[in-house]
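The model shown is predicted, which means the values in this text are computed figures rather than measured ones. When a ligand or atom number is given, it counts from 1 through the structure's own listing order.
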Amino acid sequence: MNIFQTLQDIENQVKEELPGLGSTAAVETLRLRLLGKKGELTALMKTLGSLTPEERPKVGAQINQVREWVTQRLDEAALAMQAREREESLRRETIDVTEPRDPLPVGSAHPITLVMNELVDCFTGLGFEVMEGPEVELDHYNFELMNLPKNHPARDAQDTFYMDDNIVLRTHTSPMQARAMLTRKPPIRIICPGRVYRADEVDATHSPVFHQMEGLVVDEHVSMANLRGTLEAFAKRLYGQDITTRFRPSFFPFTEPSAEVDLTCVACRGKGCRICKGTGWIEVLGSGMVNPKVLEMCGIDSNKYSGFAFGIGLERIAMQRYGIRDMRLLYEGDVRLLSQLR
Ligand code: PHE
């Protein structure tokens with residue numbers, strides 16, 4: 001084998017092949033073929049041992065020279081190729097940040113929250129202050145201070161979930177009112193919105209978990225007229241000037257006298273329709289003058305002070321407002337329903 005011929009041959013291969021190579025990978029394949037462990041130039045180096053000591057340095061220098069030349073050509077080609085490939089991939093993978101995209105889905109508050117916020121707005125506008133409290137409550141606050149002693153039959157209507165004999169899931173937000181009376185001095189004007197619990201079976205109008213907003217006013221000379229005026233203002237603010245209230249006698253252990261309060265049916269504005277069963281009225285809340293016994297138990301002098309209280313069911317208002325006939329829909333979290341109610 002003629003070493004010089006082979007070197008020439010290698011040079012020619014590089015000159016001929018290199019310009020046609022299309023990728024850095026192809027350049028590396030060529031590099032391996034010529035300079036790799038089993039490459040052609042490497043094989044030539046191995047033949048040096050068989051040469052005479054006079055020939056060896058000359059031929060060795062010649063091989064090295066070609067090897068350097070090849071290495072340089074390949075490095076240049078690889079670099080140029082890399083730059084081109086980078087540019088190409090940049091062009092290919094460019095992201096057009098100005099391209100319009102699908103609008104992001106926007107959530108909204110739950111209908112119960114919407115109603116609660118609206119009522120809070122309404123009553124804070126009338127001078128009430130919001131007070132919130134624990135959902136896990138002492139029997140003492142939830143029942144005893146509300147004039148519902150242990151084993152009293154009136155507890156049946158508010159059967160609940162007991163943690164133990166003394167700790168219950170609150171059945172109304174009235175315990176917050178007891179807490180307010182025990183810690184504050186009149187005048188007291190608070191509303192207590194929140195989640196409450198009762199051992200009720202689930203159906204279209206009942207749920208073991210629901211929401212209320214109760215209100216309490218305690219001051220000197222508070223009368224039933226103030227209760228009525230407050231609820232009238234609330235009804236008109238919520239539904240319009242033509243809506244009015246109707247009081248019907250009722251019973252609650254914590255109020256005396258007590259009244260169920262109806263509002264003019266919002267659907268027919270009092271004319272009578274399917275929703276109000278032709279009466280023109282919708283039952284919306286319970287209310288009454290705070291039982292003097294409750295005032296006394298909560299440390300308030302019932303000779304000097306009197307008060308009124310009311311409790312509004314938020315589910316009922318939401319159902320009327322949005323025309324929902326089954327309460328369960330409010331808890332299922334179905335976006336198809338929720339996205340309609342904003
Ligand atoms: N606490 C009563 C209930 O949850 C509602 C109510 C509050 C009634 C205040 C009268 C006065 O059923």
Side-chain angles (χ1 to χ4, degrees), residues 112 115-116 119 123 126 128 130-135 137-149 152-161 168-181 188-200 205-219 222-231 234-235 245-263 282-295 297-298 300 302 306-317 327:
I112 299 282
V115 167
M116 191 184 288
L119 297 201
F123 282 106
L126 290 171
F128 286 76
V130 176
M131 249 183 113
E132 289 177 296
E135 292 174 25
E137 186 53 280
L138 289 171
D139 181 283
H140 183 66
Y141 291 103
N142 191 82
F143 289 127
E144 309 250 337
L145 291 181
M146 288 299 122
N147 199 25
L148 282 150
H152 192 284
R155 280 200 183 198
D156 270 3
Q158 299 201 7
D159 194 17
T160 183
F161 305 93
V168 301
L169 295 188
R170 66 179 182 189
T171 59
H172 43 190
T173 60
S174 307
M176 261 332 281
Q177 309 185 350
R179 288 169 180 274
M181 288 188 275
I188 296 170
R189 268 189 298 270
I190 55 165
I191 45 168
C192 310
R195 190 173 291 138
V196 299
Y197 303 82
R198 287 188 200 175
D200 277 333
T205 53
H206 291 88
S207 159
V209 186
F210 59 103
H211 301 77
Q212 284 196 324
M213 201 174 77
E214 296 202 348
L216 170 74
V217 171
V218 179
D219 202 351
V222 173
S223 76
M224 196 97 180
N226 300 133
L227 170 61
R228 175 131 205 206
T230 302
L231 294 180
F234 150 73
T245 57
R246 178 174 79 169
F247 280 52
R248 285 180 289 113
S250 183
F251 171 79
F252 298 105
F254 31 86
T255 47
E256 182 61 35
S258 305
E260 297 286 349
V261 179
D262 302 334
L263 299 191
I282 296 276
E283 182 188 325
V284 170
L285 54 91
S287 69
M289 300 305 294
V290 182
N291 192 321
K293 260 180 98 175
V294 171
L295 291 176
M297 280 191 284
C298 294
I300 287 179
S302 63
S306 54
F308 68 75
F310 55 88
I312 306 170
L314 300 185
E315 272 76 1
R316 188 177 295 180
I317 303 233
M327 192 188 279

Can you list the atoms of ligand 1 that are under 4.0 Å from a heavy atom of Gln158?
3 (C), 12 (O)
For ligand 1, which atoms have a heavy atom of Phe310 less than 4.0 angstrom away?
7 (C), 9 (C), 11 (C)
Residue pair Tyr141 / Ala178: nearest heavy atoms and the distance that separates them
CD2-CB, 4.1 Å
For Gly311 and Glu214, work out which heavy atoms get closest and say how close.
CA-CG, 3.8 Å
Any N or O of Ser287 closer than 3.5 Å to N or O of ligand 1:
no
Assert yes or no for the condition that the ring centre distance of Phe123 to Phe310 is strictly below 6.0 Å.
yes
Between ligand 1 and Ser174, is the shortest N or O to N or O distance under 3.5 Å?
yes
Would you mind checking which non-hydrogen protein atom is closest to atom 4 (O) of ligand 1, with the distance to 0.1 Å?
Gln212 NE2, 2.6 Å
Hey, are the side chains of Gln158 and Pro253 touching, using non-hydrogen atoms and a 4.5 Å cut-off?
no
To the nearest 0.1 Å, how far is atom 5 (C) of ligand 1 from its closest protein heavy atom, and which atom is that?
Glu214 OE2, 3.4 Å
Hey, is Phe254 one of the residues with a heavy atom under 4.0 angstrom from ligand 1?
yes
Numbered in order shown, the ligand 1 atoms found under 4.0 Å of a heavy atom of Thr255 are 11 (C)
Taking the six-membered ring of Phe210 (Phe, Tyr or Trp), confirm whether the NZ or CZ of Arg198 is under 6.0 Å from its centre and within 45° of its axis.
no
Would you mind running through ligand 1 and noting each atom that sits below 4.0 Å from a heavy atom of Arg198?
3 (C), 4 (O), 12 (O)
Please report the shortest heavy-atom distance between Leu216 and Ala309, naming the atom on each side.
CD1-CB, 4.3 Å
Contact check, side chains of Met289 and Met224, non-hydrogen atoms, under 4.5 Å:
yes
